[in-house]
> 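Starting off with a structure, shown below.
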Amino acid sequence: MSRAVRIEFDGAYYHAMARGVARMPTFLDDEDRLHFLEILEDLVHRDALEIHAFCLMANHYHLLLSTPHGGLARWMRHVNGDYVRWFNFRHRRVGHLWQGRYKAILVEDASYLKECSRYIHLNPNRAKLTRPAER
């Protein structure tokens, strides 16, 4: 069975996410998190992606992003692939880091955009990693 075709177009908004294989940690320390953000930063400077919200958890990430010139699949392959190569080299490991292909949900209306941003920002609170946002 073939994969579903991703809907890609200039200016599209997506909620993109990926999780570690068997829910294993994908960010072991701040250096890992900073490197992942540097990969994203490079794509932002190249006008490939616009990042509107993000959350890096221990074993997964969430991105609310838009693609000014389309090409989500290419840019996500770049993000995930570059990070895995760096992570494996740094931690002297081999093999897959991400559990399958990244997931991307097309954000089609303003109400879902708002809810997606809220979900991403509150993710650490739900995992009890931070104090409640209202405080």
Side-chain angles (χ1 to χ4, degrees):
M1 186 167 140
S2 62
R3 295 180 188 171
V5 176
R6 294 207 192 268
I7 300 170
E8 294 187 14
F9 55 91
D10 295 358
Y13 282 73
Y14 301 93
H15 177 195
M17 61 211 94
R19 182 180 2 192
V21 170
R23 298 184 179 189
M24 72 172 266
T26 55
F27 303 104
L28 300 180
D29 57 24
D30 285 343
E31 190 173 345
D32 288 347
R33 287 181 279 278
L34 287 172
H35 188 76
F36 185 83
L37 293 174
E38 287 169 359
I39 294 169
L40 292 175
E41 180 183 35
D42 176 58
L43 292 174
V44 168
H45 287 297
R46 291 166 50 185
D47 198 32
L49 298 178
E50 294 176 352
I51 307 296
H52 304 285
F54 69 90
C55 177
L56 307 182
M57 302 294 281
N59 68 350
H60 69 282
Y61 68 79
H62 292 273
L63 303 172
L64 177 57
L65 57 86
S66 58
T67 53
H69 311 289
L72 176 71
R74 181 173 76 174
W75 301 125
M76 291 305 296
R77 187 171 50 249
H78 173 75
V79 169
N80 286 343
D82 281 7
Y83 181 70
V84 169
R85 282 186 290 280
W86 180 85
F87 183 91
N88 282 349
F89 177 80
R90 177 172 186 244
H91 297 290
R92 295 187 173 108
R93 65 179 299 279
V94 297
H96 296 281
L97 178 63
W98 304 116
Q99 181 176 300
R101 191 177 180 204
Y102 70 94
K103 184 175 180 182
I105 300 168
L106 181 64
V107 178
E108 297 186 76
D109 59 52
S111 64
Y112 183 60
L113 180 70
K114 179 181 171 184
E115 184 56 34
C116 185
S117 177
R118 184 177 177 278
Y119 176 85
I120 291 170
H121 283 95
L122 293 177
N123 203 270
N125 292 47
R126 282 190 299 281
K128 301 189 184 326
L129 298 175
T130 60
R131 64 179 192 214
E134 56 273 6
R135 290 190 192 162

> Are Leu64 and Leu40 connected into the same hydrophobic cluster when the rule is that any two of I, L, V, M, F, W, Y join if their side-chain heavy atoms are below 4.5 Å apart?
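Each belongs to a different hydrophobic cluster.
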> What's the separation between atom CG in Leu72 and atom CZ in Phe9, rounded to the nearest 0.5 Å?
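So the CG of Leu72 and the CZ of Phe9 are separated by 11.0 Å.
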> Is Met17 reachable from Ile120 through a run of hydrophobic residues whose side-chain heavy atoms are each under 4.5 Å from the next?
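Yes, Ile120 and Met17 fall within the same hydrophobic cluster.
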> Shortest non-hydrogen contact from Gly20 to Thr26?
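That closest heavy-atom pairing would be CA-CG2, 3.4 Å.
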> Quick one: side chains of residues 93-102, donor-acceptor pairs under 3.5 Å with protein atoms, not counting sequence neighbours, listed by atom name and distance.
{"from": "Arg93", "atom 1": "NH1", "to": "Asn88", "atom 2": "OD1", "distance (Å)": "2.4"}
{"from": "Arg93", "atom 1": "NH2", "to": "His96", "atom 2": "O", "distance (Å)": "3.1"}
{"from": "Tyr102", "atom 1": "OH", "to": "Arg6", "atom 2": "NE", "distance (Å)": "3.0"}

> So if you build clusters from Ile, Leu, Val, Met, Phe, Trp, Tyr with side-chain heavy-atom gaps below 4.5 Å, do Val21 and Val79 land together?
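Hydrophobic grouping puts Val21 apart from Val79.
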> Decide yes or no on side-chain contact (heavy atoms from CB on, under 4.5 Å) for Glu31 and Arg90, but give the supporting numbers first.
CA-CA 10 Å; Glu31 190 173 345; Arg90 177 172 186 244; 2.9 Å; yes
> For Phe27 and Phe36, take the angle between the two ring planes, folded into 0 to 90°, and tell me which bin it lands in: parallel under 30, tilted 30 to 60, perpendicular over 60.
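Ring orientation, 0 to 90° scale: perpendicular.
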> Okay, side chain of His121, backbone of Ser117: is any donor-acceptor separation there less than 3.5 Å?
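Pair found, side chain donor or acceptor close to backbone of Ser117.
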> What distance do Ile39 atom CD1 and Asp82 atom CG have between them, rounded to the nearest 0.5 Å?
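That separation rounds to 5.0 Å.
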> Going from OH on Tyr112 to CG on Leu106, what distance comes out if it is rounded to the nearest 0.5 angstrom?
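Rounded to the nearest 0.5 Å, the OH-CG separation comes out at 9.5 Å.
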> Test of understanding: clusters of I, L, V, M, F, W, Y form through side-chain heavy atoms closer than 4.5 Å, transitively. Do Trp75 and Val84 belong to the same one?
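In one cluster: yes.
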> What side-chain donor-acceptor pairs closer than 3.5 Å can you find for residues 53-63, not counting sequence neighbours?
{"from": "Asn59", "atom 1": "ND2", "to": "Arg23", "atom 2": "O", "distance (Å)": "3.2"}
{"from": "His60", "atom 1": "NE2", "to": "His62", "atom 2": "NE2", "distance (Å)": "3.3"}
{"from": "Tyr61", "atom 1": "OH", "to": "Asn80", "atom 2": "OD1", "distance (Å)": "2.7"}
{"from": "Tyr61", "atom 1": "OH", "to": "Asn80", "atom 2": "ND2", "distance (Å)": "3.4"}
{"from": "His62", "atom 1": "ND1", "to": "His15", "atom 2": "NE2", "distance (Å)": "2.9"}
{"from": "His62", "atom 1": "NE2", "to": "Asn123", "atom 2": "ND2", "distance (Å)": "3.4"}

> If you round to the nearest 0.5 Å, how far is OH of Tyr83 from CD of Glu38?
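The distance works out to 11.5 Å.
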> Within a radius of less than 6.0 Å around CD1 of Ile105, do more than 12 heavy atoms belonging to other residues, nucleotides or ligands occur?
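More than 12 heavy atoms, drawn from other residues, nucleotides or ligands, come within 6.0 Å of this atom.
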> Roughly how far, to the nearest 0.5 Å, is the CZ atom of Arg92 from the CZ atom of Phe87?
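CZ of Arg92 is found 13.5 Å from CZ of Phe87.
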> Could you state the interatomic distance from CD (Glu41) to CG (Leu49), rounded to the nearest 0.5 Å?
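Atom-to-atom, Glu41:CD and Leu49:CG are 12.5 Å apart.
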> Examine Leu28 and Leu34 and state if one hydrophobic cluster contains both, with Ile, Leu, Val, Met, Phe, Trp and Tyr joined whenever side-chain heavy atoms are less than 4.5 Å apart.
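Not linked; separate clusters.
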> Does a side-chain heavy-atom distance below 4.5 Å link Glu8 with Thr67?
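The answer is no; the side chains never approach within 4.5 Å.
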> Between Glu108 and Ile7, is any pair of side-chain heavy atoms under 4.5 Å apart?
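They are not in side-chain contact.
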> Which residue pairs pass the side chain to side chain donor-acceptor pair (under 3.5 Å) test with at least one member in residues 46-56, sequence neighbours excluded?
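Qualifying pairs, neighbours excluded: Asp42-Arg46, Asp47-His69, Glu50-Ser66, His52-Ser66.
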